[in-house]
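Source: prediction; values computed, not measured.
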Amino acid sequence: MHLAAELRLPTNWLDYSILAIYFVVVLGIGFAARASVRTSLDFFLSGRSLPAWVTGLAFVAANLGATEILGMAATGAQYGVAVVHWYWIGAIPAMVFLGLVMMPFYYGSKVRSVPEFLLQRFDRSAHLLSSVLFAFAAILIAGVNLYALSIVVEALLGWPQWVSIVVAGFFVLAYITVGGLSSAIYNEVLQFFVILAALIPLTILGLKRVGGWDGLTSSLEKSHGADFLSAWGGTGIGDPNPLGANWLTIVLGLGFVLSFGYWTTNFAEVQRALSAKNLSAAKRTPLIAAFPKIFIVFVVMIPGLVAATLVPEIGTDGSGLTYNDAIPLLMQELLPNGVLGIAVTGLLAAFMAGMAANVSSFNTVFTADIWAKYVVKGREDGYYLRFGRLVTALGVLASIGTAFLAASFSNIMGYLQTLFSFFNVPMFVVFIIGMFWKRASVKSGFWGLVAGTVAAMVNYFVIYKQGVIGIPTDQGANFVSAIVGFVAGAVVMVVVTLFTAPKPEAELAGLVYGTRSPGMDEAPSEGDDAWYRRPAFLGWGAVVLAALCYLPYSF
């Protein structure tokens with residue numbers, strides 16, 4: 001990801017003052033949260049005490065990193081309205097499934113992390129492998145956010161790249177180390193509103209510049225064709241299209257495997273729900289997050305479409321602009337000082353939210369799932385609290401190192417999707433089979449993870465990169481890798497199960513669909529009988545969400 005050098009923003013003292021105020025507030029929240037951190041549970045899961053509206057907003061903000069903002073706007077400029085697939089097919093259904101089906105298992109089993117659930121359902125080998133894979137992926141993804149931030153700040157504000165990395169890393173390290181997950185979550189709630197405050201004016205002013213929605217669509221249809229304004233245009237099997245994917249790979253690869261793999265097993269997201277005060281709040285967390293997720297696509301897609309209208313040659317050789325320049329280009333063209341400061345602050349907030357989500361999940365998994373269970377066992381709680389803070393610092397330093405690995409990929413969103421197909425998809429197939437099939441044996445979890453990960457990597461690095469089978473684009477290859485990884489993991493789990501012993505049924509309570517644990521039967525806390533917290537509301541809410549996912553495809 002490289003931004004054009006001429007996109008330097010005309011910032012002044014007002015913009016920098018807004019930026020400074022934001023950083024002061026971020027650190028203030030971190031120190032305020034410190035008073036609530038007394039145990040390792042407080043540090044890693046906020047003592048399971050947060051209300052649903054806080055965890056819900058943090059859930060969506062943790063995903064709303066600047067890599068998504070810049071990347072999805074770039075996808076809109078490159079592929080048009082097809083970007084909605086990553087939201088209405090690639091997010092909402094999986095978020096609803098997580099809340100209604102999977103959170104009772106996660107929360108009811110009282111696990112501290114997603115890999116710990118695999119320890120209870122399968123065995124130590126599946127647990128250790130999933131912990132190592134997740135910790136590695138979390139550091140890689142945190143590094144993506146740091147690298148993207150440094151490139152953007154260098155291009156927009158003129159700060160040297162190393163200064164951007166060190167400053168952002170310091171602030172994330174400071175407020176997470178001091179206040180733990182509570183600090184990260186409350187800052188993510190703040191960052192959610194700051195990000196919207198940056199994107200909404202950009203969307204409105206962009207539409208005004210191109211003559212409203214009618215002017216935008218008319219211009220794009222002339223320059224890019226009708227399929228550019230259709231979510232499904234040109235996606236028939238065998239039809240060529242810029243996305244390099246057909247409706248089958250979109251539905252199966254993105255809509256099912258990648259989407260469910262990310263939203264239901266990515267601990268950076270699930271951790272926010274696990275910090276909720278009770279099971280009811282934990283189930284509502286992804287449902288609350290799903291509502292703004294429906295509409296966020298418009299404030300990242302429309303700026304991309306506007307950029308494609310204002311500069312039709314964006315992304316082409318000789319234009320001097322890449323698709324990643326869509327948001328910075330509009331910031332330079334449309335925003336006055338003051339509003340520009342808010343927009344820059346919103347971008348920095350988005351980067352910090354994405355990095356903080358991965359660092360806070362990394363320190364939990366490394367401390368609770370690797371160090372406490374396999375390296376230093378049975379120490380007092382205070383030891384693990386101190387070690388968790390140390391690991392946070394190490395995680396930030398490691399992220400700085402992996403930030404430069406991301407530089408070898410021309411498209412950051414493609415890089416992230418590649419990581420998800422390698423790490424999240426195999427974990428998802430093990431989870432989904434383990435949760436719905438009692439017979440799945442203890443050993444099948446480990447070998448399912450191995451097979452899914454290896455198959456996805458072989459498809460990407462050998463079959464795609466070596467040209468064994470022609471796949472038009474990296475995104476198309478990611479969809480195929482996800483499907484291959486899922487199928488391979490599922491087949492190996494079934495085969496291994498046929499030849500190995502299942503877990504005793506008495507040990508599956510609360511871990512397999514149709515069984516219950518004491519945590520899943522907890523009485524709701526005072527005030528949980530409100531109308532919007534009842535099961536009927538959740539059910540109808542899911543129906544409405546499903547309808548909203550598909551109705552907009554009519555345009």
Side-chain angles (χ1 to χ4, degrees), residues 67 90 114-115 118 122 125-144 147 244-245 249-250 252-254 256-268 358 362 365 370 398-399 401-433 443-496:
T67 48
V114 168
L118 291 185
F122 295 102
S125 58
H127 171 253
L128 179 59
L129 178 59
S130 64
S131 299
V132 171
L133 289 176
F134 178 81
F136 184 63
I139 291 300
L140 288 175
I141 296 170
V144 173
Y147 171 71
T249 55
I250 291 172
L252 292 181
L254 175 63
F256 177 60
V257 182
L258 276 173
S259 170
F260 279 69
Y262 175 82
W263 291 103
T264 65
T265 67
N266 184 15
F267 186 49
N358 284 282
F362 165 79
V365 169
I370 299 176
S399 300
T402 61
F404 297 98
L405 179 62
S408 61
F409 287 78
S410 60
N411 186 313
I412 284 183
M413 285 307 297
Y415 175 50
L416 288 175
Q417 295 288 320
T418 302
L419 294 179
F420 296 152
S421 69
F422 292 169
F423 299 112
N424 291 93
V425 169
M427 200 174 296
F428 170 62
V429 68
V430 173
F431 267 88
I432 205 70
I433 291 179
K443 295 299 180 183
S444 67
F446 172 81
W447 291 110
L449 278 173
V450 172
T453 303
V454 171
M457 289 183 173
V458 167
N459 179 79
Y460 187 83
F461 291 114
V462 178
I463 296 177
Y464 168 57
K465 286 295 187 181
Q466 301 302 318
V468 176
I469 294 178
I471 304 175
T473 65
D474 283 350
Q475 286 289 10
N478 290 333
F479 296 164
V480 175
S481 295
I483 296 172
V484 169
F486 183 89
V487 172
V491 169
V492 168
M493 284 190 72
V494 171
V495 172
V496 171

In chain order, what residues pass the side chain to side chain contact (heavy atoms under 4.5 Å, CB included) check against [X], with sequence neighbours excluded?
{"X": "Ala455", "result": "Val484, Ala488"}
{"X": "Ser259", "result": "Ala94, Trp263"}
{"X": "Leu133", "result": "Leu129, Phe423, Thr453"}
{"X": "Ile433", "result": "Val429, Trp437, Ala440, Ala490, Met493"}

Review point. Who passes side chain to side chain donor-acceptor pair (under 3.5 Å) against Ser481, sequence neighbours left out?
Key: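 Here the qualifying residues are Asn459.
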
What are the two closest heavy atoms between [X] and [Y], and how far apart are they?
{"X": "Ala451", "Y": "Val492", "result": "CB-CG2, 3.4 Å"}
{"X": "Thr265", "Y": "Asn424", "result": "OG1-O, 3.6 Å"}
{"X": "Tyr464", "Y": "Tyr460", "result": "CB-O, 3.3 Å"}

Check your understanding: Counting only N and O atoms by type, is there a donor-acceptor contact under 3.5 Å from the side chain of Ser131 to the main-chain atoms of Pro115?
Key ->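 It does not hold such a pair.
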
Practice item. For Ser130 and His127, indicate whether the former's side chain and the latter's backbone hold a donor-acceptor pair under 3.5 Å. Key: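 Yes, the answer is positive, given that a donor and an acceptor are paired below the 3.5 Å cut-off.
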
Practice item. With side chain to side chain contact (heavy atoms under 4.5 Å, CB included) as the test, would you mind laying out the steps for Phe420 and Val425 before giving the verdict? Key: CA-CA 7 Å; Phe420 296 152; Val425 169; 5.8 Å; no

Point to revise | Member of Phe136, Tyr262, Phe461 meeting the ring pair (Phe, Tyr, Trp, His ring centres under 6.0 Å) criterion with Phe422 | key: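 Of all the options given, the one that passes is Phe461.
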
What's the separation between atom [atom1] in [X] and atom [atom2] in [Y], rounded to the nearest 0.5 Å?
{"X": "Leu419", "Y": "Asn478", "atom1": "CG", "atom2": "CG", "result": "9.0 Å"}
{"X": "Leu140", "Y": "Thr418", "atom1": "CG", "atom2": "OG1", "result": "11.5 Å"}
{"X": "Ile139", "Y": "Asn358", "atom1": "CD1", "atom2": "CG", "result": "8.0 Å"}

Exercise for review: Taking the side chain as every heavy atom from C-beta outward, state whether Phe122 and Phe446 have any atom pair closer than 4.5 Å.
Suggested key: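 Phe122 does not reach Phe446 side chain to side chain.
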
Residues that [X] engages under ring pair (Phe, Tyr, Trp, His ring centres under 6.0 Å), provided they are two or more places apart:
{"X": "Phe362", "result": "Phe366"}
{"X": "Phe431", "result": "Tyr106, Phe117"}
{"X": "Phe134", "result": "none"}

Practice item. Starting from the C-alpha separation in whole Å, work towards a yes-or-no answer on side chain to side chain contact (heavy atoms under 4.5 Å, CB included) for Ile432 and Phe260. Key: CA-CA 10 Å; Ile432 205 70; Phe260 279 69; 6.0 Å; no

